[in-house]
Amino acid sequence: MLNIPLWRQIQRNNFADWKQLLSFLDLDIDEAQCILPHSPFPLNLPKRLAEKIEKRNWNDPILRQFLPTVEEQVTSPLFLLDPVADRAFRPNPKLLYKYHGRALLISTSACAMHCRYCFRQHFDYETKDKLFIEELTTIANESSISEVLLSGGDPLSLSDAQLQYLLNELEKIPHLKRIRFHTRFPMGIPERIDLSFMQLLSSCKKQVIFIIHCNHPKEFDDEIFLCLKKVNQLGIPILTQSVLLRGVNDDVQTLKSLFEILIDHGIMPYYLHQLDRVQGAAHFEVSEEEGKLLMNQLNALLPGYAIPKYVRETAHQPSKTPI
Ligand code: SF4
């Protein structure tokens, strides 16, 4: 497969068929009444993550994050299509401008994986203009914007050529100081951080910051840490965001292990998010009372720098709200 980067070839082998995934995990198809077979947000799971799922365990914390289940059909007036009011802060089709000084570019609709709790799973992505003309113009005309967040979807889904174009255009904007990548890609396909991508990062003239999205210590392995270390050695700070998820990481030992493994590899836990109340994800919700109790327990077990801020995003608030 000439000219197709290795990471793309790997991505094409993601699990997209739940029957194949169940067979791979030795899960009994006769017990599969819990599966939602025709979700508009379909199964999409990299092999690397699937290999970390315990065989014959329906309750594995990685499986739970990616397997479409009938629980998603439970509706509640509190769980919305657009829980954080993205649409109200969308000056251009691919730009969100919510917080002072920071604008978020919806750089792509694609991801390395489909997380069932994703708050943008119902987002009406605009996929036509690949040059981001309107969005770049807004950023250039708004001198208070000092930081652009590359989000999506997952910005690492873009080709290096597309990313290079975006970085080049953003570098031309003098008042812009920082470019922040929000990505979950390395957790499933660390091969994305290849030589070509590293060259692209090292030649960027703005300060780059990486925010990695991770929820469970089992998601990591040595190769992932090695790739992140290479990024960090370019002078790029790496922080994390996690979501507090029922049946995934809602116990103190799991959270302690997650934050410890991060600091042991020079990565700073940044945010622990309360679940955004998106339609289809109610079964993942942990109450704020439980979350506060977990944070109190963590405070007694870890040094302060290893404990992320526990926050919620409230629609129309000018920043995340500490809980
Ligand atoms: S990688 Fe991020 S944007 Fe993509 S489905 Fe998961 S949570 Fe949503």
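Count residues from 1 along the sequence. Just so you know, ligand 1 is whichever comes first in the structure, and atom 1 is the first atom listed for that ligand.
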_Applying ring pair (Phe, Tyr, Trp, His ring centres under 6.0 Å) to F197 and W7, what does each step give before you reach the verdict?_
CA-CA 11 Å; F197 180 67; W7 64 270; 8.9 Å; no
_Heteroatom N/O/S of C111 within less than 2.8 Å of atom 8 (Fe) of ligand 1_ = no
*Validate the cation-pi geometry between K320 and Y310: distance from NZ or CZ to the six-membered ring centre under 6.0 Å, angle to the ring axis within 45°.*
no
_From H114, R184, H213 - option closest to atom 1 (S) of ligand 1 by heavy atom_ = R184
*asked:* Is there a side-chain contact between W58 and L27 in this structure, where contact means two heavy atoms from C-beta onward sitting under 4.5 Å apart?
replied: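 Contact flag for W58/L27 side chains = yes.
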*Please write down residue, atom name and distance for the protein heavy atom closest to atom 8 (Fe) of ligand 1.*
C118 SG, 2.3 Å
*Measure the distance from atom 6 (Fe) of ligand 1 to every protein heavy atom, then report the residue, atom name and distance (to 0.1 Å) of the closest one.*
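Going atom by atom, the protein heavy atom closest to atom 6 (Fe) of ligand 1 ends up being C115 SG, 2.4 Å.
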_Ignoring hydrogens and geometry beyond distance, is a side-chain donor-acceptor pair present between S151 and R120 at under 3.5 Å?_
yes
*M113 near ligand 1, heavy-atom distance under 4.0 Å?*
yes
_Could you check whether F89 and Y97 have their ring centres less than 6.0 Å apart?_
no
